[in-house]
Amino acid sequence: MTLFYHFDETQPLAGRLAMGIEYDGTRFCGFQRLKHAASVQQAVEDALEKVASAPVRIHASGRTDSGVHATRQVIHFDPPVQRTEKAWIFGSNTNLPRDVAVRWVKPVSDDFHSRLGALGRRYRYILLNQISRPVLERHNVTWCRDPLDADAMHRAAQALVGEHDFSSFRAAGCQSKTPWRQMHFVDVKRYGPIVVIDIQGNAFLHHMIRNIAGALVSVGRGAQDEGHIERLLAIKNRRKGDVTAPACGLHFVDSIYDERFDLPKEPLGPNLLAFTGEWTGERALPDNPRIAARRKLTFKKQDASEHQETSS
C-alpha cells in the first residue's frame with residue numbers, strides 16, 4: 001500500500017470486512033463500548049450503522065484503555081449490506097467525530113478474526129524528554145523533564161523479551177486468567193528529545209505497558225539500576241512494582257496477522273515518528289510454537305464469539 005491510492009467507487013464489497021482505524025483516545029474511556037461513557041467502539045459502530053442503514057457489530061484486535069491512542073487498530077465486521085470501498089471509508093469518516101478515522105477497508109475470508117487471529121500486537125510509548133513542557137504534542141506524549149539514559153533503558157528492557165509471568169506489571173483489576181505473556185521484542189531508542197519504548201508481544205495485560213514504561217523511566221532517570229526490570233519480573237507482585245506511566249504517551253501501532261489475509265501495509269505510527277521509516281511487517285515474528293499454532297486457527301462466524309482471550 002502506498003500513501004495515496006484510488007478508492008474503488010463501483011464494486012460493492014461482499015462478505016466479511018477488515019478495517020483499519022486510527023483514533024486519539026484523549027476523550028474516550030477506552031475502546032470497548034460502555035453504557036456510562038464515550039468509547040471508540042460506539043463511535044465506529046454508530047458511523048457504520050449510518051452507512052449500512054442497519055446495526056453493525058465490530059470486533060477489534062485489542063482493547064485500549066482510557067486515554068490511549070491507536071494508529072492501526074484492526075477491526076472486522078460482517079456487514080448487513082454491500083457497499084463500495086469508497087462508501088465504507090468516506091461514509092464512515094463523514095459520520096465519525098474528528099478524533100476517529102477509518103484508514104482502509106478490505107474484504108477478508110470468513111475465518112479472519114481481528115482479535116483471536118492476531119499473531120502479535122505492537123505498541124509505542126513516547127516520552128518527550130526536555131526541560132519545557134510540551135504544547136503541540138501534549139495530548140500524545142508523556143513529558144519527562146529529567147534527563148533519560150535511553151541506552152540504559154534499552155539494556156534493562158531486554159529482560160522482558162520471551163515468555164514470562166508479568167504479575168509485577170499487571171493492574172489490580174486485570175481480568176485475564178493468566179499473567180503469562182510472550183514479548184517478541186522491546187526496543188528503547190532516542191530521536192533527539194523523543195525517547196520511544198517500542199514493544200511487541202502476543203498480548204498484553206491491563207496497564208502492562210504503562211507499568212513497564214514507568215519502571216523503565218526510573219532506570220533512565222538513574223533512580224534504579226539496569227537490573228530493576230529483571231528484579232520486578234522475579235518478584236511477581238504488583239504491590240512492589242513501580243509507578244504507572246500516563247496513558248497519553250501510549251499508542252497502539254500494529255496488529256499482525258497471517259500473510260494469507262494480505263492486509264494493507266502502511267507506515268507505523270504515530271506520524272510524529274514517520275521519519276524513522278519503518279513500515280508494517282518489516283520485522284520477522286519469532287519462530288515459536290505459540291505463533292505456529294495461532295496461524296493454523298480458523299474461526300467460523302457462529303462460534304468465534306465463544307473463544308475468549310484478554311488483551312489490552
Side-chain angles (χ1 to χ4, degrees), residues 19-34 36-45 58-75 96-103 114-115 118 120-128 134 137-144 160 166 169-176 181 183 186-188 194-217 238 241-256 268-273 280 309-312:
M19 183 176 274
I21 305 293
E22 180 177 13
Y23 53 86
D24 180 334
T26 303
R27 73 175 187 91
F28 295 105
C29 290
F31 181 87
Q32 191 171 15
R33 179 183 282 269
L34 300 169
H36 62 280
S39 68
V40 179
Q41 181 178 0
Q42 180 177 348
V44 173
E45 288 181 343
I58 66 174
H59 302 269
S61 53
R63 293 179 295 179
T64 51
D65 296 332
S66 177
V68 175
H69 318 298
T71 59
R72 187 177 165 90
Q73 170 72 274
V74 178
I75 67 170
L96 281 167
R98 295 187 66 182
D99 42 11
V100 186
V102 174
R103 294 178 63 92
S114 57
R115 180 169 62 90
R121 298 169 175 88
R122 184 170 177 177
Y123 285 80
R124 285 173 164 176
Y125 196 92
I126 304 179
L127 297 149
L128 187 62
E137 309 94 344
R138 65 190 182 279
H139 293 308
N140 51 34
V141 301
T142 291
W143 175 42
C144 182
L160 300 167
F166 284 93
F169 301 98
R170 178 184 190 178
C174 181
Q175 298 177 355
S176 176
R181 293 292 186 269
M183 295 302 102
V186 186
D187 291 340
V188 183
I194 298 173
V195 175
V196 181
I197 302 170
D198 200 341
I199 182 168
Q200 181 176 296
N202 70 311
F204 295 90
L205 301 164
H206 192 206
H207 286 177
M208 177 175 159
I209 302 175
R210 292 169 58 192
N211 291 333
I212 287 173
L216 286 175
V217 167
R238 177 58 196 151
D242 215 309
V243 299
T244 302
C248 58
L250 185 56
H251 301 254
F252 183 15
V253 300
D254 203 5
S255 189
I256 303 162
L268 290 173
N271 286 335
L272 186 64
L273 300 178
T280 300
E309 175 186 310
T310 301
S311 62
S312 61

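Note that the numbering runs from 1 along the sequence shown for the chain.
Aromatic ring pairs are classed by plane angle as parallel below 30°, tilted from 30° to 60° and perpendicular above 60°; the pair F31 and Y23 is tilted.
With no hydrogens or angles considered, a side-chain donor-acceptor pair links S61 and Q73 at under 3.5 Å. Using a 3.5 Å distance cut-off with no hydrogens or angles, the side chains of S39 and R63 do not pair a donor with an acceptor.
For the atom pair I209 CD1 and L216 CG, the distance stands at 11.5 Å (nearest 0.5 Å). Between the CD atom of E22 and the CZ atom of R72 there is a distance of 11.5 Å, given to the nearest 0.5 Å.
A donor-acceptor pair under 3.5 Å is formed between the side chain of R170 and the backbone N or O of S176. The backbone N or O of N202 sits less than 3.5 Å from a side-chain atom of R121, completing a donor-acceptor pair. Listed for the R115 side chain is no donor-acceptor partner under 3.5 Å among the backbone atoms of A60. Looking only at distances, no side-chain donor or acceptor of H207 sits under 3.5 Å from a matching main-chain atom of D65. Between the side chain of T244 and the backbone N or O of R210, no donor-acceptor pair lies under 3.5 Å. Looking only at distances, a side-chain donor or acceptor of H69 sits under 3.5 Å from a matching main-chain atom of G25. Put simply, the side chain of H251 gets close to the backbone of N140: a donor and an acceptor are under 3.5 Å apart.
Using a 4.5 Å heavy-atom threshold, the side chains of T142 and Y125 count as touching. Between P97 and R27 the shortest side-chain heavy-atom distance falls below 4.5 Å. Y123 has its side chain within reach of T64: a pair of non-hydrogen atoms, C-beta onward, lies under 4.5 Å apart. Side-chain contact between L272 and V141 is present, with at least one heavy-atom pair separated by less than 4.5 Å. Between L128 and I194, the closest side-chain pair of non-hydrogen atoms falls below 4.5 Å.
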request  = Check the pair V188 / V195 against side chain to side chain contact (heavy atoms under 4.5 Å, CB included), numbers first and verdict last.
outcome  = CA-CA 7 Å; V188 183; V195 175; 3.9 Å; yes
message = With side chain to side chain contact (heavy atoms under 4.5 Å, CB included) as the criterion, how do I58 and M19 come out once you've worked through the C-alpha distance, each side chain's angles and the decisive distance to 0.1 Å?
response = CA-CA 10 Å; I58 66 174; M19 183 176 274; over 6 Å; no
message = Apply side chain to side chain contact (heavy atoms under 4.5 Å, CB included) to residues D99 and T26 and explain how you reach the verdict.
response = CA-CA 9 Å; D99 42 11; T26 303; over 6 Å; no
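The salt bridge (charged side-chain N to carboxylate O under 4.0 Å, His left out) test applied to D198 returns R122, R124, not counting sequence neighbours. By the salt bridge (charged side-chain N to carboxylate O under 4.0 Å, His left out) test, R138 pairs with no residue at all, sequence neighbours left out.
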